[in-house]
Amino acid sequence: MQQISIPIRAPTWVSTRRLLEQKLADSLKCIDLKQLKQLHAVIYKYNLQTDPYFAPKLVSGFSLCRQMVLAVNVFNQVQEPNMHLYNSLIRAHVYNSQPSQAFWVFFDMQHRGLWPDTFTYAVLLKACCGNYSLKLVQMIHTHVEKLGFYSDIVVPNSLIDCYFKCGLSGVCAARKLFAVMGERDIVSWNTMICGLVKANELREAHRLFDEMPERDIVTWNTILDGYSKAGEMEAAFELFQKMPERNVVSWSTMICGYCKAGDMEMAMILFDKMPAKNVVTWTIIICGYAEKGLAKDAISLFEKMEATGLEPDDGTIISIFGACAESGLLGLGKRLHASIQRTGYKCSTPVCNAIVDMYAKCGNLNRALTVFNGMANRDLVSWNAIIQGLAMHGRGEKALNLFSRMIQEGFAPDRVTFIGVLCACTHAGFVDKGIHYFHVMETEYGVLKEIEHYGCMIDLLGRGGRLTEAFKLVQSMPMEPNVIIWGSLVGACRMHNALEDAKEVLHHLIKLEPADAGHFSMLSSIYAAAGDWNGVSSARMQMKSTGTQKPSGASSIELEDQVHEFTVLDKSHPNSDRIYEVIDGLSLHLKRVGYVPKETAKVFS
DNA sequence: ATAGGGTTAG
């Protein structure tokens, strides 16, 4: 590129530079790629693109605009990058979810003889969190300890945060580190409280809340969230009233808590009362109604949000589709999908995944496949979602075809993929194929067998009538069988009338879930079938002593934006006489055309 | 450091 001459007089030059600095700082505040590109051209014109002030800022700017190619280009033009520039590139990679690239840059900088500073470590720790790798965090912890970087409080604070994101062993490490910290600021306390809340250690979190010298609004919001997540809404409300000031997050946290508790009345009262709402608040209340199956309210709220001019973001869209998938609100899902298409919203991969999942879970597999096939960039989750969806609705063959296609396209299947694959085999009755996949998942694909996979296999063998093999597999499992394993085994025994085996399995279930009346009622019907009336009365006695009654499983159907739920022998619907008339007619018709219902079902019902 | 967020056996 032709170099443009630099203004001659120093004062002008200085003011031009000042102006550019100001403009660049401004454009970093509001992320606008067009503006940034124009500015980049001007900076280039003045040959400032390798300047120690401008280069790191450009890297950050491009990274904020998700333009990593441009960011790396800026970096590569600098002959001798300094630490500032390295740090900005590391941060750029972390921000754009490329943690391994971040570590490569980190190694490269050490290779060049540059020593990382606290900022570098803080940013790298963020990359570790994305990976949830305890080992990486520990590596950095020892590194930092040796270099004496503890003096900067940002470092131990980020370490605590990262430890919490690494599972149970991380929680202990975080506690230990917090205990030995000589100096703590409000962020250290808040990070600790937040981590404990996420680890379901609410009492300990509250103890720290009481102990700490001063609290800010973040502290209050965090503890509020802890109580609302634990379902303790009275305690949360008390804190909400007591706190010195409230912001959108405080109100939204409370609304979310009431939604999760199913108290839409309180949620709506707070929603109406709060001073300013943002997209997150709207998402929470819409999902609250959607998860309760109240599609009409959810849709009208969605329309109200659109009317206020608030733009739904990825988070809104993914959440609402998720809620639709959960409660089978195809109507709301379609409405949201149409609205997205109308506005020309550019769907990211996660958004497309949510749409595929929604259509699949609602049973509209053709639409799910259309969206899936139309995706520009599919990731592992996309494949898992479509395979799972097809498997769930009995299209096992199609699911397995897609599995082969995903392997052909070079995707490495993970634990979730194999749950879908095994589930597909079960629903299509491919018992031997299932056994094959169960074997090769470890040997060929290096995916460890977990309890979920054993669960699928026991279901597969059990439904296929191979009870002996199912029992053998339970015995050979390297982990303790859980409720789900015993549950599917008892289901298989029921299906194939193996009463003695069912009794044995039920005793295991009762040991694990002594409060569940369902197990005793099943046990009593088994005794009844065998004519053992002593057994029946003892099972009945035990059932009474449990007290708690589990809600029975319900089916649902969506009619005119309203989800109707019904259970076995349900008579609650106002038109239930008419409904049963139709059902009786249908079963009469089925019998006439030669359908014989399974006799075994009678023994247990 | 705080509110909503994609795939997970019966």
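This one's a predicted model, so the numbers in the text were calculated from it and none came from an experiment. These values consider heavy atoms only, across backbone and side chains, with no hydrogens, waters or symmetry-generated copies. Below, read A as the first sequence line, B as the second, and so on, with proteins coming before strands; counting in each chain starts at 1.
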Going through the distances and angles, do A/E211 and A/R184 end up as a salt bridge (Lys or Arg N to Asp or Glu O under 4.0 Å)? CA-CA 13 Å; A/E211 267 175 37; A/R184 294 162 186 161; 5.9 Å; no

Could you give the side-chain donor-acceptor pairs of residues 415-437 of chain A under 3.5 Å, partners two or more places apart or in another chain?
| residue | atom | partner | partner atom | Å |
| --- | --- | --- | --- | --- |
| A/R415 | NE | A/E450 | OE1 | 3.3 |
| A/R415 | NE | A/E450 | OE2 | 3.0 |
| A/R415 | NH2 | A/E450 | OE1 | 3.4 |
| A/R415 | NH2 | A/E452 | OE2 | 3.4 |
| A/T417 | OG1 | A/N384 | OD1 | 2.6 |
| A/T417 | OG1 | A/D414 | N | 3.0 |
| A/T417 | OG1 | A/D414 | O | 3.4 |
| A/T417 | OG1 | A/D414 | OD1 | 2.8 |
| A/T426 | OG1 | A/L422 | O | 3.0 |
| A/D432 | OD1 | A/R466 | NH1 | 3.3 |

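Residue contacts for A/D216: at a heavy-atom cut-off of 4.0 Å it reaches a base atom on one of the strands shown. At a threshold of 4.0 angstrom between heavy atoms, the contacts of A/C194 are confined to the sugar-phosphate backbone, with no base atom among them.
Less than 6.0 angstrom separates the ring centroid of A/W383 from the ring centroid of A/F372. Aromatic rings of A/F302 and A/W282 (six-membered ring for Trp) have centroids beyond the 6.0 Å cut-off, not under it.
Between the CZ atom of A/F209 and the P atom of B/dT2 there is a distance of 16 Å, given to the nearest Å. Distance CG (A/L208) to C1' (B/dA1): 13 Å, rounded to an integer number of Å.
Under the 4.5 Å side-chain criterion, counting only non-hydrogen atoms from C-beta, A/N353 is in contact with A/D379.
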Quick one, give me the B/S/- string for nucleotides 3-10 of chain B, reading 5' to 3', where B means a protein heavy atom under 4.0 Å from the base and S means that only happens at the primed atoms, P, OP1 or OP2. BBBBBBBB

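Atom CZ of A/F209 and atom CH2 of A/W189 lie 12.0 Å apart (nearest 0.5 Å).
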